[in-house]
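In the text below, chain A, chain B and the rest are named by the order of the sequence lines, each starting its count at 1. Treat the numbers as computed from the prediction; the structure is a model and nothing was measured.
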Amino acid sequence: MKKNLLIAVWFTLITTLLFGLGYPLAVTGLAQLMFPRRADGQLIERNGKLIGSRIIGQEFTGPSYFHSRPSAAGSGYNALDSGGSNLAPTNKALLDRVEADVKKLRAQNPGTPIPIDLVTASGSGLDPDISPAAALFQLPRVARARGISEHALRALVEKHITGKQFGFLGDARVNVLELNLALNRLYPIRSGSANGFAGVGAAGSSKR
Amino acid sequence: MTVNGWLQILVFLFVVFLLAKPVGIFLARVFNHNKTYLDPVLRPLEKVIYRLTGVDEKREMRWTEYAIAMLLFSGVSMTLLYLIERMQKWLPFNPQKLPNVPPFLAFGTAASFTTNTNWQAYAGETTMSYFTQMAGLAYHNFTSAATGIVLAIVVIRGIARHETEHLGNFWVDMTRCLLWVLLPVCLVGSLVLVSQGVIQNLNSYATAHLIAPHSVQVTGANGKMTSKEVTRQVIPQGPVASQEVIKEFGTNGGGFFNANSAHPFENPTPFTNFLEMVLIFAIPSGLTYTLGRMTGSQRHGWAIWAAMAFLFLVGVSTVYWAEARGNPLLVGTDQRASALQPGGNMEGKEVRFGIADSSLFTTVTTDASCGAVNSMFDSYTPIGGMVPLVNIMLGEVVFGGVGAGLIGMVVFVILAVFIAGLMVGRTPEYLGKKIEAYDVKMAMLAILILTFITLGFPAISVVQPFGTSSISNPGPHGLTQVVYAYVSSAGNNGSAFAGLNANTPWYNITTGLTQLLGRFFMIIPVLAIAGSLAKKKIVPESSGTFPVTGPLFTVLLVSTILIVGALTFFPALSLGPILEHLMMMAGKTF
Amino acid sequence: MDKRDRRKKQSLTDRKILSRAIADSFRKLRPQTMIKNPVMFVVEVGATLTTIQFFWNIFHHTGQIGFDFQITLWLWFTVLFANFAEAMAEGRGKAQAETLRKARTETQARRVWGDDQTEIVPSSKLRAGDIVIVSAGEFIPGDGEIIAGVASVDESAITGESAPVIREAGGDRSAVTGGTRVLSDEITVRISSNPGETFLDRMIQLVEGASRQKTPNEIALNILLAGLTIIFLVAVVTLQPFAIYSGAPQNLFVLISLLVCLIPTTIGALLSAIGIAGMDRLIRRNVIAMSGRAVEAAGDVDVLLLDKTGTITLGNRQATALYPCKNVSELDLARAAQFASLADETPEGRSIVVLAKEKYGLRGHEFAQHNPSFIPFSAHTRMSGVDLDNRQIRKGAPDAIAKYVAEQGREVPPETKQVVTEIASGGGTPLLVAQDRRVLGVIALTDVVKGGIRERFDHLRAMGIRTVMITGDNPLTAAAIARTAGVDDFLAEAKPEDKMALIKKEQAQGRLVAMAGDGTNDAPALAQADVGVAMNTGTQAAKEAGNMVDLDSNPTKLIEIVEIGKQLLITRGALTTFSVANDVAKYFAIIPAMFSVAFPELQVLNVMHLATPQSAVLSAVIFNALIIIALIPLSLRGVRYRPVGAASLLRRNLLIYGLGGVIAPFVGIKLIDMLLVHLHIV
């Protein structure tokens, strides 16, 4: 008993050094050496300024951007507060939220059924993706707002569809941040437009 | 449900099947002290550890000493974790200058990680420093997993050995498990995860300046809604990959971030998702092969594997069916699966995983007592959410936690053998060992304690204001939330119907207690069984021996698990998820 | 045997047993008795609670009197049915004990006093070591060993066998049992037991079940059943808070009904009846098991040690073939052999006569015409035979005959010598026949394996039991018989210590060994074996060493004992499985009934479409009670046993009692529900 207690103390200390510090620091070193960009979170910089992570979703509002899914992370896409809504499928709060969103979206694109992921919050609240269906659903609105042809925009969206990994894993998806960055690059928002966005860093005027 | 969805499920199961034999053989070799390719590197390290800790490598222990050593180690390492949490402010690797963890939360977290539950009443990204995550939490991911594995090995030895009291040395088994089994896979696995986008750094959190700032409505301190401008996003960082891999491989499940494996930094691609699921099942599945190998009845190992695989398939099919079907209450939405969208009930799920990978992950993580989640159970359809609940209620034996799953399965095997074994006209025996009163007593004790805590605490919680006030989803779903909290704690799973506010004194105390009871009151009786079995003679097999191989035994085992394991919970299930499902179909909301 | 069986079968339905069992069912309601059976004790407590609630409801004019009353009534029935099952099982034993008691009547004993004196004392005053003299017509006053004399004894009081048996001093047939009657001659007996401890006393206790203790497996099973009971108790107790949360609290009657339906009442009610009935089945085959543990061990036996003589082969060797020498016709040899044996009264001699008659059609009618004079067997010549008018016919062991013909300078022909060797190496005994000092041929005497024994060994093998033949024969002979009989192994030239060593060796490898024996030198092995069956004709030492006594002294019965042991275990396992499997249907009856009023959606769980919540609950409770009664015959009779391997046995029993256990209550509850509705009971 006493002997084992002593061993327990030493064993804890030694293995903590080995597995609690040695191992993660070694992995950090190797990761930084082999995959530095990935290990740091695939951060995107524009003009020396950090504008986000490729794989952390962001909130987009206003008609001229493709919108991300609803988010339950804080007030929306708060990366310090990741998580889902945890609303039960029978919870009135969920049904009311979805109903309101459906109403809004239907007004933007009447007649088309609303892809489910566009009105449901993700588990992380930081989902960087929307389904291709959700992107295409928003296409007419964005095209209108940016004053470009739906055809051209469709080509851009389709270019941004990530297929199933290895042809069968997961689901096809569109990275919202990347799509919107490409959108801004190719079809900058016309100044003075009704939904005037000034591009990077400017304040938005639309409300969710 | 789509063909591609089923393909992923079947490919996954096939990979798990293929891995069972190599993993099983490797485990047997490691714990039988046979030579492995890793010896030249690890053997010297192993000897150093023994020298420094004063372990006598040759000395074997009885089950009682083994249990005491296990408890002492759990106690000491749990204390160290508590101290680390309480002192993280003064310790290195804390770029965010996170304060010390409050005492109660620190204690609950320490208990939770020591028991392999990894129930989290905190958000990692805003509570735990990198030092705490690495040296405290990830470390316990290693040790609690190793503890489970070595205990399973002891149970296997108890079955395999005869007329002996010696079952191995806890410290030696632990060391070999950590060095040979966990470390190599984690080193390689973490780098694979990084290559896919799981982060691994010690940087301070990055602040991004949004390209499209927007305003949000927030409720101010005075209760008034005000508009707030959002121009920045703080992106957390940290040594995630090194922890992620052991979180799955050791069926721990405690996320680096609050969103766990739904978080893009923990689980960025469908491939990482696939890999994480395989890691969860690798050891539990392999241990069935180890059981067969070490007891000399390989077909028995496979019979158990088949029982597990069957229950897994039933579970995953049910979740997948329920989730793909969607939520009929969400009118005006398109929930049909197509090439362009996953469809189904997407609330709480990530687009990159869709319905199939979410359903699969959910089944895997609750079959094994992992508890990592890539989607939020609370938002699952009632039937989809019932499956994880039932998986844990069955005692975490469908592959189960590393080691703990096999241990739980052995309890059911003993019960199955005992109940039906008489029907071949002999007093029950399991692989040549007579099952006697003492063994049955210990097996029943393990099941009894679990029943008491998993039904007792919820029963109190749902009729007392201190319990019901935490319920976030009213109606039958609320009952499910409460029951799930205790079932998950008792099964050392750690996943949650996370809407329930478990961060109250009542839930913190009772779930913590449940985790400790669920862990040690399962392990100790089963260790006692191992000790008792090891002392017995082995009755040679004959054609009159009760067959513990083949489809017949698998059917018997599955029936025993379902009848003994699940029937107890049938009333709670009828008033929770089943009732909610029926009401949802009838259009009722809460 | 058959007659006796029939007589005892009738007693199953005997009015007296039935009425006593019914009375006992109520007597057993005492909590002190009930608590020994935790499952049924819980039911009794439940019934008591509902009774109290029922009367409370009447006084306060609440509740549904009709429903509450019926539930309460059926709960009491459940307890009574369980008691009835046990009482029925005990009943047959009790009836038998009464018969035995009559044999234990006080008798007068002539105790030897001093050198030659005798005194008359009541048998109850006899102590172990006393010496008594018993003459024709007297009852033997106590168990003992004959130390002088020989007598025919009527043991029908104990064995049921009316033919008298011979008991004599010395040898292996020296034991006598108190309560049996000497028919002829006079014997001197050393009493070996004190009053109250005699064989008869023990037997009465055993058949009455008074000294019945739970066997190891029964204890383990009881732990399982108690554990399941507690688990379901927790499930039902916690159901109420869940129901309250859901807004549909339940009343006591429904909750207790659910509890009683879920706990394993079927096996709980029948468990001890099964055990008693198992012992009873042995008793009906005239085997007394000294403990229930021995019966269980019999089911577990891995190795059977069987004595060759009397068990595997008929008691004596028999003539089976004739081998004439060259130039001798088979018929002549047969005639000579027959003539030589007509006066031979040994079993071997008679078998030669029979062979000649059956195989060669010789009746020996002309025998008397030849003025025969018999030459009896003498130890000196080791031959026997007959002298006819002018012929001398002799038969005997080959070397004796060889010596006999050598006196005339003749020899045994080489080909005949060859035949002799062959017969010997095949396990048989060769006898040579000579006429006028000329060898005619060989008679082969061989062991005759009992009819059907091979099949029995095949069955045993299928059950996973290895048979080992024990014989004093040389290995060659033993091997040949072993082959013919189909035993797995043999121990040749066996001495008692070899037998002991074999048992210990098998046991060291974890096997359970059963054997039968009668001699004093068998006693250590009988004690060492896991199942030792002593022959009633055997010595007192053997009877005390074994854990079973076969009153018929038939060693083949060992096989039946094993089968009875297995049958007992199978019955226990089958009813346990059935009982546990029943729960599924009961849930589907009661849970919807409990909540479908508050939540009509839950009606979909009412898969049996039971009429009303009340009828559903009541049907489940009634089914639960009636199934006990329905299964009493099965538990008393035992599940039918088939000698097949474990895998197919398990498959079959799982299908019948496992799957059947899931399905049967669905059907049963539905039928009861229909009946209840039809009769307007609820």
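- Of the atoms belonging to B:L562, not a single heavy atom falls under 4.5 Å from chain C.
- Interface residue B:T545: only backbone heavy atoms are found under 4.5 Å from chain C.
- With a threshold of 4.5 angstrom between heavy atoms, C:V301 approaches chain B through N, CA, C or O but not through any side-chain atom.
- Residue C:A226: no heavy atom, backbone or side chain, is found under 4.5 Å from chain B.
- Contact tally against chain B (heavy-atom pairs below 4.5 Å) for C:Y657, C:F595, C:F232: the top residue is C:F595.
- Contacts of B:I538 with chain C are made by backbone atoms alone, with heavy-atom separations under 4.5 Å and no side-chain atom involved.
- Ranked by heavy-atom pairs under 4.5 Å with chain B, the list C:L654, C:I244, C:V584 is led by C:L654.
- Only the side chain of C:V604 has a heavy atom closer than 4.5 Å to any heavy atom of chain B.
- In this structure, the portions of C:F242 lying under 4.5 Å from any heavy atom of chain B include both its backbone and its side chain.
- Here the two rings, on B:Y484 and B:H477, have centers that are 6.0 Å apart or farther.
- Contact of C:S246 with chain B is made through the side chain alone, with heavy-atom distances under 4.5 Å.
- Using a 3.5 Å distance cut-off with no hydrogens or angles, the side chains of C:T467 and C:D488 do pair a donor with an acceptor.
- Counting only heavy atoms from C-beta outward, the side chains of B:Q464 and B:W506 never approach each other to under 4.5 Å.
- Aromatic ring orientation, B:Y430 versus B:H300: perpendicular (interplanar angle above 60°, classes split at 30° and 60°).
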ask   = Does the pair C:E601 and B:K588 meet the rule for a salt bridge (charged side-chain N to carboxylate O under 4.0 Å, His left out), with working shown?
value = CA-CA 11 Å; C:E601 292 89 351; B:K588 294 220 173 89; 2.3 Å; yes
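- In this structure, the portion of C:L605 lying under 4.5 Å from any heavy atom of chain B is its side chain and not its backbone.
- Proximity to chain C (any heavy atom under 4.5 Å) is restricted, for B:F418, to the side chain, taken from C-beta onward.
- Proximity to chain B (any heavy atom under 4.5 Å) is restricted, for C:A462, to the backbone atoms N, CA, C and O.
- Proximity to chain B involves both the backbone and the side chain of C:L224, based on heavy atoms less than 4.5 angstrom apart.
- Between B:V548 and B:R299, every side-chain heavy-atom pair lies at or beyond the 4.5 Å cut-off.
- With a 4.5 Å cut-off on side-chain heavy atoms, C:P264 and C:T576 do not count as touching.
- Under the side-chain hydrogen bond (donor to acceptor under 3.5 Å, both in side chains) criterion, the residue pairs touching residues 582-598 of chain C are C:K586-C:N624, C:S596-C:Q603, with sequence neighbours excluded.
- Checked against a 6.0 Å centroid threshold, the rings of B:F570 and C:F588 count as neighbours.
- Under the 3.5 Å distance criterion, the side-chain polar atoms of B:K537 are left unmatched by any main-chain donor or acceptor of B:H162.
- Only the side chain of B:V463 has a heavy atom closer than 4.5 Å to any heavy atom of chain C.
- Using a 4.5 Å cut-off between heavy atoms, B:I471 touches chain C through its side chain atoms alone.
- Contact annotation for C:L228: both backbone and side-chain heavy atoms come within less than 4.5 Å of a heavy atom of chain B.
- B:T510 and B:Y486 share a donor-acceptor pair across their side chains, judged by distance under 3.5 Å alone.
- Of the two parts of C:R461, only the backbone, made up of N, CA, C and O, holds a non-hydrogen atom closer than 4.5 Å to a non-hydrogen atom of chain B.
- Salt bridge B:K536/B:D439: present, at least one basic N to carboxylate O contact under 4.0 Å.
- Neither the backbone nor the side chain of B:V555 comes within contact range of chain C; no heavy atoms are under 4.5 Å apart.
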